[in-house]
Amino acid sequence: MAITVALTHKTTYTYDRLVSLGPQTIRLRPAPHCRSTITSYSLSIEPKNHFLNWQQDPFGNYLARAVFPEKLRKFEVTVDLVAEHSIFNPFDFFLEDSAKEFPFEYEPSLRTELLPYLDVSDSGEEFDALVSELAPTGSPGTVDYLIEANRRVNERTGYIVRLEPGVQTSEETLTVGTGSCRDMAWLLCQALRRHGLATRFASGYLIQLKPDEKALDGPSGTDHDFTDLHAWTEVYLPGAGWVGLDSTSGLLAGEGHIPLCCTPTPQSAAPISGAVDESKSTLDHVMSVERVHEDRRITKPYSDDEWSAINRTGIKVDKELARLGVELTMGGEPTFVSIDDRDAPEWTIAANGVKKRAAASQLFDHLVDRFCPGALKHYGQGKWYPGEALPRWAFTAVWRKDGEPLWPKPDRPDSSDDTDPSSGGAAPKLGRAFLAELARNLAVPDEAILPAYEDVGYHLWREGRLPVEGDLLKTDLFERSERERLLKVIDQGLGSAAGYVLPLAYSVDRKRWITNRWEFRGGTLFLIPGDSPIGLRLPTASLPFVPEEELETIPERSLFAPVDQLPSTTEIEAAVHARRESNHDDAYFTSDRTGRVRTSLCAEIRNGRLHIFLPPIELFEHFIDLITSVRLAALELNIQVVVE
């Protein structure tokens with residue numbers, strides 16, 4: 001994301017009489033190694049009667065040489081440039097192996113090329129003391145050493161605006177304890193050279209923009225956009241090249257630093273230099289920066305008015321696409337990183353972590369409240385990537401476009417809610433009671449509800465194949481995960497039901513919910529081993545064979561087919577209450593028709609909460625009917641449920 005800024009820099013010299021101006025050297029063009037993209041640049045010089053010649057100095061900097069054939073009373077230089085202010089990582093570089101630890105030696109031929117940047121001209125008692133203080137202890141990392149040296153120079157000197165010309169010696173800066181940016185930059189240059197590092201004095205523009213949001217901790221930075229001339233130090237690191245260090249702030253040079261001229265000494269980096277007749281003169285110096293374009297970013301999203309305009313445009317486009325018969329679908333996955341501990345493995349390389357799910361749930365709640373209040377919050381299993389021991393999780397919000405709430409907030413604070421708390425205390429048999437209540441709402445008999453158990457034989461066999469405890473630390477991640485999985489299963493009790501299952505489907509022919517018995521060999525439903533929700537581990541392949549033509553017909557409809565107006569939430573609730581009092585004998589198949597219904601709704605206690613695993617449903621009107629029945633059953637029992 002970039003912010004495009006326009007910078008204007010005007011310097012005006014006014015003399016008390018006509019003077020002859022010698023050739024003027026102007027070093028106000030961004031240097032070749034500037035990391036910010038300069039999209040336009042112009043240099044204007046008054047008076048117009050002059051000759052201009054662009055050159056490069058011995059160090060590769062751009063400079064303009066202006067010659068004035070006539071005397072003048074005013075000399076003015078104006079720079080206008082447009083730059084893309086994009087954040088970049090100042091640590092985005094690699095060091096050669098020989099330079100990763102400090103001190104290190106430059107390779108002989110390279111050292112010869114760097115000789116002008118290794119010259120130490122300053123000395124003095126205070127300066128020698130600082131050099132001793134900056135001597136490395138042991139063999140620290142080179143980057144760590146430079147950060148620490150930059151910080152110490154920043155702490156030893158206070159920044160002031162100093163109008164006197166020239167640069168203080170390092171000894172003067174340390175003695176008075178203050179200095180301008182150019183004084184502090186030169187001090188760091190000299191100190192690092194004393195330790196064998198090649199440095200150069202950098203002069204340029206500093207652009208600082210007001211942050212979108214105040215920092216949670218520490219200083220928030222400037223309260224307005226500004227720019228000014230600035231100076232800093234650049235050090236040469238094999239493999240990385242020239243790296244900027246700003247001793248005024250104690251930080252590395254970033255996207256706001258636009259170098260104009262980098263030289264071994266400050267004298268050859270002056271923005272404007274040249275001879276002039278002896279005279280009285282005044283100097284006017286004006287700088288400004290203005291934002292001309294801003295890409296949208298997470299710290300500064302669209303305003304409500306802008307969102308409204310975007311929505312109006314989208315509606316207009318949708319109508320035009322519909323008129324032309326164009327059918328489109330679209331989906332997306334928002335990605336986020338926590339503002340706290342953002343460098344932790346769970347936010348960089350790990351699939352999950354201790355705080356990720358809690359942060360995701362909090363963000364999910366905010367998005368639902370902001371964009372789709374009354375939506376159903378669905379918590380499901382996410383993608384399972386190769387090499388990861390467990391699948392990830394996914395949160396989905398489902399809502400009605402007509403504004404009717406799909407899952408209204410409960411009237412009582414202790415009533416059903418589809419939040420995803422991390423702890424609770426639901427009894428294991430609550431799943432059976434909930435399914436019985438739900439069966440009444442769906443007008444299906446509860447005789448079809450059956451308990452589901454973990455496969456005792458498999459887990460005992462698997463436990464016997466794991467390494468003994470003493471060798472556990474030598475095993476790989478999957479064996480560790482397998483042992484944790486086994487312990488969880490054993491702790492809950494192999495003889496206890498892992499959950500309860502209600503075979504369930506919507507019959508197109510009967511226009512109602514139907515169920516039937518499920519029977520398995522041995523009379524017990526043993527789950528497929530794993531730790532996914534039980535709805536994903538049902539052994540439906542073990543149900544008695546039923547010819548395809550005799551299975552219940554699954555309703556189908558094109559994704560683009562028009563849908564009749566849906567009943568309101570109040571109307572659906574009334575229909576559920578009326579259905580509770582009805583008695584549909586044909587909603588239940590007898591045992592000789594076992595397995596005609598191959599989908600089911602499951603109830604399972606996990607982390608002390610009742611999780612409801614929904615069956616696959618093709619039509620939205622059937623989905624909202626089932627969800628309303630689930631919600632009313634939870635309200636009747638005064639419990640919380642997690643829909644997945």
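What you are looking at is a predicted structure, and each value in this text was computed from that prediction instead of being measured.
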message = What I want to find out is whether Arg606 reaches Glu604 closely enough, with some N-O distance under 4.0 Å, to be called a salt bridge.
response = yes
Distance col, row Ile534:CD1 vs His611:NE2, nearest 0.5 angstrom, shows 11.5 Å
Separation between CG (Leu209) and CD1 (Ile3), nearest 0.5 Å, reads 5.5 Å
Here the gap from Trp399 atom CH2 to Leu376 atom CG, rounded to the nearest 0.5 Å, amounts to 11.5 Å
Those residues at least two apart in sequence (or on a different chain) that pass ring pair (Phe, Tyr, Trp, His ring centres under 6.0 Å) with His224 are Phe226
Handout entry: Sidechain-backbone polar pair: Thr599 side chain, Leu504 backbone, donor-acceptor under 3.5 Å
Key = yes
d(Cys602 SG, Ile449 CD1) to nearest 0.5 Å is 11.5 Å
Those residues at least two apart in sequence (or on a different chain) that pass side-chain hydrogen bond (donor to acceptor under 3.5 Å, both in side chains) with His577 are none
Hits for salt bridge (charged side-chain N to carboxylate O under 4.0 Å, His left out) against Asp304, two or more places apart or cross-chain, chain-then-number order -> Arg370
Ring pair (Phe, Tyr, Trp, His ring centres under 6.0 Å) filter on Trp384, not counting sequence neighbours, yields none
| said: Tell me if a side-chain donor or acceptor on Ser361 pairs with a main-chain N or O of Arg357 at a distance below 3.5 Å. | reply: no
In this structure, CG of Leu435 is separated from CG of Leu442 (nearest 0.5 Å) by 10.0 Å
By side-chain hydrogen bond (donor to acceptor under 3.5 Å, both in side chains), Trp513 pairs with (sequence neighbours left out) Asp625
Would a 4.5 Å heavy-atom cut-off, applied to side chains only, mark Leu637 and Phe434 as touching? yes
Check your understanding: Do Val642 and Leu610 come within less than 4.5 Å of each other through their side chains, counting heavy atoms only?
Key -> no
Heavy atoms of Leu525 and Pro539 approach each other most closely as CD2-CD, 3.9 Å
Hits for salt bridge (charged side-chain N to carboxylate O under 4.0 Å, His left out) against Glu213, two or more places apart or cross-chain, chain-then-number order -> none
So, Thr515 side chain and Pro503 main chain: donor-acceptor pair closer than 3.5 Å or not? yes
- Query: Does Tyr506 reach the main-chain N or O of Lys511 with its side chain, forming a donor-acceptor pair under 3.5 Å?
  - Reply: yes
Next on the checklist: Between Asp446 (side chain only) and Ala436 (backbone N and O only), is there a donor and an acceptor less than 3.5 Å apart?
Outcome noted: no
| request: Evaluate the side-chain proximity of Val597 to Ser507: yes if any heavy-atom separation is below 4.5 Å, no if none is. | output: no
| Arg580 with Glu636: basic N within carboxylate O range, under 4.0 Å | no
Taken to the nearest 0.5 Å, the spacing of Glu447 CD from Leu502 CG works out to 11.0 Å
Residues 623-643 vs ring pair (Phe, Tyr, Trp, His ring centres under 6.0 Å), sequence neighbours excluded, gives Phe620-Phe623
Worksheet item: Counting only N and O atoms by type, is there a donor-acceptor contact under 3.5 Å from the side chain of Asp295 to the main-chain atoms of Ala2?
Response: yes
Those residues at least two apart in sequence (or on a different chain) that pass side-chain hydrogen bond (donor to acceptor under 3.5 Å, both in side chains) with Glu404 are Thr569
Sorted by chain and number, sequence neighbours left out, salt bridge (charged side-chain N to carboxylate O under 4.0 Å, His left out) with Arg440 holds for Glu437
#### Entry: Side chain proximity check, Lys377 to Asp365, heavy atoms < 4.5 angstrom
yes
Salt bridge (charged side-chain N to carboxylate O under 4.0 Å, His left out) filter on Asp225, not counting sequence neighbours, yields Arg291
Please answer whether the main-chain N or O of Glu573 pairs with a side-chain N or O of Thr628 as donor and acceptor at a distance below 3.5 Å. no
request  = May I ask you to test the Thr313-Ile310 pair for a side-chain heavy-atom distance under 4.5 Å?
outcome  = no
Under 3.5 Å, side-chain donor or acceptor atoms of residues 339-347 against the rest of the protein: list the pairs with distances, not counting sequence neighbours.
| residue | atom | partner | partner atom | Å |
| --- | --- | --- | --- | --- |
| Glu346 | OE1 | Val354 | N | 3.4 |
| Glu346 | OE1 | Lys355 | N | 3.1 |
| Glu346 | OE1 | Lys356 | N | 2.8 |

Which pairs of donor and acceptor atoms, one on a side chain in residues 390-398, lie under 3.5 Å apart (sequence neighbours left out)?
| residue | atom | partner | partner atom | Å |
| --- | --- | --- | --- | --- |
| Arg392 | NE | Glu388 | OE1 | 3.2 |
| Arg392 | NH2 | Glu388 | OE2 | 2.6 |
| Trp393 | NE1 | Asn352 | OD1 | 3.2 |

